[in-house]
Amino acid sequence: MTFIDLRSDTVTRPTAAMRRAMADAEVGDDVYGEDPTVNLLEERAAAICGKEAALFVPTGTMGNTIGIKVHTEHGQEVICESRAHILNYELSMMAWFAGCVARAVVAEDGVLSWASIREQIRPLGPHAAPTGLIEVENTHNMAGGTVYPLDTLREIGEESHKLGLPVHMDGARVFNAAAALGVPVTEVVAPVDTVMFCLSKALGAPAGSMLVGPRRLIDKGRLYRKRLGGGMRQAGVLAAAGLIGLSEMAARLGEDHENACFLASGLAGIPGVSVERTPATNILFFDVSGTGHTGASFSAALKERGVLINAASGVARLRLLTHFDVDRSACERALGVVREVAAMGVRGTYV
Ligand SMILES: *Cc1c(COP(=O)(O)O)cnc(C)c1O
């Protein structure tokens, strides 16, 4: 069975253009700084973000880990949103590698305000761990692909910097944020010091992420990448796909967002199914408690019918992501399958 795979945008496979570029890539030993394709990707990523330098890393997790490490010292706090990827899905790397603890702030839509951050900032003193870094996730994965308004980001950047605090953006999907705002990614990342973004998600590359920021920090980061086992030699074969992701895939993300809205309105019309929020980008959470299913049983029933959507935390929640490998007609078919499963009820009989 060929599945309609809505579990994540990480499932995208390299496009034909990527595979050609990978086959033809000029390569060298990147640990010596001699891979021309990696060097080009790093230059291009820095330019697109309007920053001095960039570092190609195998995963977003490594990019965030290094990003946190270059800004902080052991024993500091990192302020982040309560459902942040760095706090919940990166095996505590901020503690394990950087020796920092998270100071989590709850924001219903995943978007921190400066006021909520300000309340949590701790100065150096005899009791509390001092704040070392502010972290923002844009788009916010677990809040449903929500996007920071530019004014909010600018205020966080300016006010943090006044207090001498750096800001790191987990921009795994920052190109989705830029597409949703209709501005170049340069503007989205201008207020922050460093940003990590994934080539391996909606941009379609098979692997790789970028950490982008001031040269001084990226040079430091290069050493941490080696320590973490991320020195990748002829990585130009991967970087070649990343370059295509930047030049060809970033511009089409609006389509994924339209498909997510299409699915949201379709799902909202199915009895027993409710959509949590109209998606701003490519992530959508929905609830199926009205069908009598749990998230897990609903997901299993979809899978039997060729649609992959993962259950999310909570009793009857599911999370889907749209991406390049799922076009509008696949979305229509997926909706039909959800409608069928919802109508069947839990015992597999139509209600
Ligand atoms: C996917 C993701 C990452 C990094 O994930 P890797 O699987 O390590 O590449 C980081 N932050 C967010 C918000 C993500 O969605």
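Atoms within each ligand, like the ligands themselves, are counted from 1 in listed order.
Under 4.0 angstrom from ligand 1, the non-hydrogen atoms of Asn141 all belong to its side chain. No part of His140 comes within 4.0 Å of ligand 1, judged by heavy-atom distances. By the criterion of a heavy-atom distance under 4.0 Å, neither the backbone nor the side chain of Ile86 is placed next to ligand 1.
Under the 3.5 Å distance criterion, the side-chain polar atoms of Ser160 are matched with a main-chain donor or acceptor of Ile156. Here the side chain of Glu304 pairs no donor or acceptor atom with the backbone of Ala301 at under 3.5 angstrom.
Atoms of ligand 1 found under 4.0 Å from any heavy atom of Arg173, numbered from 1 in the order shown, are 15 (O). Using a 4.0 Å cut-off to heavy atoms of Thr59, the atoms of ligand 1 that qualify are 8 (O), 9 (O). Within ligand 1, counting atoms from 1 as listed, the ones closer than 4.0 Å to a heavy atom of Asp170 are 10 (C), 11 (N), 12 (C), 13 (C). Each of the following atoms of ligand 1 lies closer than 4.0 Å to a heavy atom of Asn64: 10 (C), 11 (N).
Under the 4.0 Å criterion applied to side-chain N and carboxylate O atoms, Asp9 and Arg173 are assigned as salt-bridge partners. With salt bridges taken as basic N to acidic carboxylate O contacts below 4.0 Å, none links Arg154 and Glu159. Residues Asp5 and Lys303 are not paired through a salt bridge, judged by the lack of any N-O separation under 4.0 Å between the basic side chain and the carboxylate. Between Asp287 and Arg317, none of the side-chain N atoms (NZ, or NE/NH1/NH2) sits under 4.0 Å from a carboxylate O, so this pair counts as no salt bridge. Salt bridge annotation for Glu77-Arg103: present, with a cationic side-chain nitrogen under 4.0 angstrom from a carboxylate oxygen.
Closest to atom 1 (C) of ligand 1, if we only count protein heavy atoms, is Lys201 NZ, 1.2 Å. For atom 7 (O) of ligand 1, the closest non-hydrogen atom on the protein side is Thr61 OG1, 4.5 Å. Considering only non-hydrogen protein atoms, atom 10 (C) of ligand 1 sits nearest to His85 ND1, 3.3 Å.
Below 3.5 Å of separation, one finds an N or O of Gly60 facing an N or O of ligand 1. Geometrically, ligand 1 and Thr139 share no nitrogen or oxygen pair separated by less than 3.5 Å. Close N/O approach between Ser209 and ligand 1 is not found [any backbone or side-chain N/O within under 3.5 Å]. Among the atoms of Ser200, none of the N or O lies under 3.5 angstrom from an N or O of ligand 1. Taking any N or O of Glu137, backbone or side chain, none lies under 3.5 Å from an N or O belonging to ligand 1.
Met196 counts as a contact of ligand 1, since one of its heavy atoms falls under 4.0 Å from the ligand. Proximity of Met62 to ligand 1 is not established, as no heavy-atom distance is less than 4.0 Å.
Less than 4.0 angstrom separates atom 15 (O) of ligand 1 from at least one non-hydrogen atom of the protein.
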Step by step, would you call Phe324 with Leu253 a side chain to side chain contact (heavy atoms under 4.5 Å, CB included)?
CA-CA 8 Å; Phe324 183 63; Leu253 296 176; over 6 Å; no

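Between Phe197 and Cys49 the shortest side-chain heavy-atom distance falls below 4.5 Å.
Across all their heavy atoms, Val273 and Ala342 have their closest contact at CG2-CB, 4.2 Å.
Note: Phe298 and Phe286 have perpendicular aromatic rings, judged against thresholds of 30 and 60 degrees for the angle between ring planes.
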